[in-house]
There are 2 protein chains.
Amino acid sequence: MEKQSVTIYTVAREARVSMATVSRVVNGNPNVKPATRQKVLDVIKKLNYRPNAVARGLASKKTTTVGVVIPEITNAYFAELAQGIDDIATMYKYNIVLTNTDVGGQKTVQVVRGLLAKQVDGIIYMGRDVSDELREELDSSTVPVVVAGSVTNDDKLPTVRIDYRNATRQAVERLVNAIHEPVAMVVGAKNRKIYTDYYLKGYQEALKNTGMNFDDQLVFEANESYDQAYKLAPAILQCGAKAAFVTGDDMAAGLLNGLTDAGIKVPNEFQIISGHDTKETRLVRPMLTSITQPLYDIGAVSMRLLTKLMDKKDQNAADESDVLLEHGFSVRQSTR
Amino acid sequence: MEKQSVTIYTVAREARVSMATVSRVVNGNPNVKPATRQKVLDVIKKLNYRPNAVARGLASKKTTTVGVVIPEITNAYFAELAQGIDDIATMYKYNIVLTNTDVGGQKTVQVVRGLLAKQVDGIIYMGRDVSDELREELDSSTVPVVVAGSVTNDDKLPTVRIDYRNATRQAVERLVNAIHEPVAMVVGAKNRKIYTDYYLKGYQEALKNTGMNFDDQLVFEANESYDQAYKLAPAILQCGAKAAFVTGDDMAAGLLNGLTDAGIKVPNEFQIISGHDTKETRLVRPMLTSITQPLYDIGAVSMRLLTKLMDKKDQNAADESDVLLEHGFSVRQSTR
DNA sequence: ATGAAAGCGCTAACAG
DNA sequence: CTGTTAGCGCTTTCAT
């Protein structure tokens with residue numbers, strides 16, 4: 001009956017040593033005579049002993065677990081970032097628990113609260129802007145947080161990303177220079193910091209540099225959704241734009257297909273540059289020209305930064321609080 | 001300094017009650033006088049007390065956490081299943097921790113071991129076949145496991161899925177009946193139970209029913225990969241097939257694009273039916289005709305089943321050990 | 001190099 | 001309705 005009831009005490013008794021010694025062996029503490037170590041190891045194997053991570057966490061106040069919060073698991077962008085996070089976490093012996101907050105973001109506070117209750121040692125946040133409630137939650141804990149592949153309205157949070165403003169500017173400039181006609185921009189939502197301080201700024205700079213006028217009517221919101229972007233196609237056409245920079249790939253694919261299905265030829269009649277460089281850019285036809293991002297690296301660097309933050313030693317690691325990775329462009333078929 | 005050092009004891013003292021009472025309030029135990037409850041609640045708020053899930057888990061031997069193991073987080077199929085799992089888990093107050101095993105699957109044992117060490121109350125497994133090592137791990141624990149959206153070589157594991165054999169048969173029959181020419185099949189790997197007992201059987205049945213001959217040369221492996229399927233296009237053409245049933249959407253998209261880029265017109269010169277019905281089927285052009293699966297429901301039902309298994313009361317819940325959900329077909333543009 | 005003992009923060013009988 | 005008392009399984013000083 002009593003399955004898995006073999007504890008550190010069982011092992012200790014069987015090996016005729018103290019719990020402390022077993023603990024040392026399990027944790028690789030060098031202060032154990034080789035013979036003793038071997039004896040304990042044998043018993044562990046024989047009894048099939050598995051340390052209980054919960055008990056360990058309670059006693060040591062460390063769980064070697066980091067929480068990763070993702071807004072939508074079905075979005076390839078986050079999935080690709082998660083890959084980098086995962087690898088580095090494994091490398092540093094951290095377990096990761098991925099949690100999904102769902103599009104709306106109301107669940108975000110709950111999710112983070114849950115992570116904190118579980119005593120994670122750190123958090124990688126890929127969510128939307130930080131609500132007051134969430135900030136309060138974060139403030140009342142000492143767990144380090146790093147933002148990966150985004151920026152939030154919370155400047156105190158260390159961040160790993162590309163230079164969104166610059167990338168946006170370059171993308172839009174390319175488009176304007178290619179067609180000398182109005183260029184639209186499609187973003188997830190306008191009420192986020194990443195829009196107001198990065199996408200919008202970059203867009204306006206590009207317009208200014210190329211002698212175009214800014215018109216708010218040319219900026220569309222599609223809630224990161226394929227379907228919404230798809231439906232936006234007529235409106236975007238209507239506004240006179242002959243090209244668009246789209247911040248996310250789901251939306252870019254939606255717009256592309258919406259235009260194509262409406263009989264518009266991309267790139268001849270309309271050009272698109274996408275922003276995320278996930279595999280979706282290569283799935284659709286014509287393939288999407290895109291800003292290239294080192295997605296895997298962004299995840300990896302975030303996690304690495306987090307490990308430093310968790311080893312308080314590197315408290316100055318917090319200085320690297322806004323890491324910018326290089327971006328580029330991959331010209332595919334949605335531009336000429 | 002001492003942030004977050006407010007424990008149940010702190011609250012108890014401040015509220016002038018015992019720890020037990022605080023515990024009762026926190027856990028919604030009705031045996032507390034309303035006045036007392038309110039007093040405790042006030043202190044909790046004032047002190048911003050957060051129960052420590054680790055301590056709770058140790059004391060109660062339940063973590064209200066279930067582990068979800070995914071082979072590749074970047075695969076939309078799993079992401080969509082995860083959504084259903086997540087919702088039901090939330091509904092039943094379970095936390096879920098998603099873990100990625102990475103394509104190869106060698107990490108699987110590690111991942112499951114980690115989950116078990118964390119004392120999860122249950123596991124939803126979406127992985128590949130169960131290795132001996134993994135089975136041993138599972139056997140030595142009492143944690144219930146349910147397989148979602150797949151089948152494994154472990155018959156003892158309860159499973160929620162569609163009828164793969166039948167769906168495959170129908171898909172292949174459609175194809176054969178439409179063209180009366182050889183129909184290929186593209187699968188992830190041939191050495192898995194889901195292939196030998198389901199896809200292959202269904203394929204062979206369809207062939208038999210339509211009077212075609214089985215030829216192993218017409219079955220291709222693409223390791224669930226877009227790129228591999230893309231590269232397979234010439235070989236598939238070469239073997240004389242004029243249509244293919246592809247078990248996964250990534251592969252189907254790869255094949256489709258591979259063919260298209262090779263100048264083959266889909267569906268006029270070659271037809272494709274895909275098997276997963278993720279959003280990718282609608283991303284590509286022509287859109288992929290596909291078996292439809294209630295992805296969300298598969299996830300949801302799996303999780304529901306797991307909750308029953310975790311409440312030992314429903315021990316007979318294990319009887320529903322192979323739940324089949326209805327599938328269908330969505331005819332899009334890759335077939336005529 | 002090893003052991004004894006005191007918790008980690010909470011739940012769960014058991015009393016009352 | 002409320003408090004007391006044991007632990008849960010492990011880590012961690014502090015001795016030895």
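Between the A:D121 side chain and the A:T63 main chain, a donor and an acceptor come within less than 3.5 Å of each other.
Side-chain contact, A:D42 with A:Q38: a donor N or O sits under 3.5 Å from an acceptor N or O. Counted by atom type alone, B:N27 and B:R56 present one or more donor-acceptor pairs between their side chains at under 3.5 Å. For the residue pair A:R50 / A:N48, a side-chain donor-acceptor distance below 3.5 Å is found, with atom types taken as modelled.
Residues from residues 32-42 of chain A with heavy atoms under 4.0 angstrom of DNA chain C, sorted by number: A:V32, A:K33, A:T36.
Within the nucleic acid shown, A:N31 comes within 4.0 Å of at least one base atom, counting heavy atoms only.
Residue A:S18 places at least one side-chain N or O closer than 4.0 Å to OP1 or OP2 of C:dG3. Here A:T21 does not reach the OP1 or OP2 of C:dT2: none of its side-chain N or O atoms lies under 4.0 Å away.
Defining each end axis of the helix from C:dA1-D:dT16 to C:dG16-D:dC1 as the rotation carrying four pairs' C1' atoms onto the next four, with five pairs an end, the two axes are found to diverge by 30° to 10 degrees.
Nearest-nucleotide assignment on DNA chain D puts the 5′-proximal partner with B:R16, out of B:R16 and B:K61.
Considering all non-hydrogen atoms of both residues, B:P158 and B:L305 come closest at CB-CD2, 4.1 Å.
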Practice prompt. Summarise protein proximity over nucleotides 11-16 of chain C in one line of letters, 5' to 3': B for base, S for sugar-phosphate only, - for none, counting protein heavy atoms closer than 4.0 Å.
Written response: BBB---
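Residues A:T108 and A:R128 have side chains not in contact (no heavy-atom distance under 4.5 Å, counting atoms from C-beta outward).
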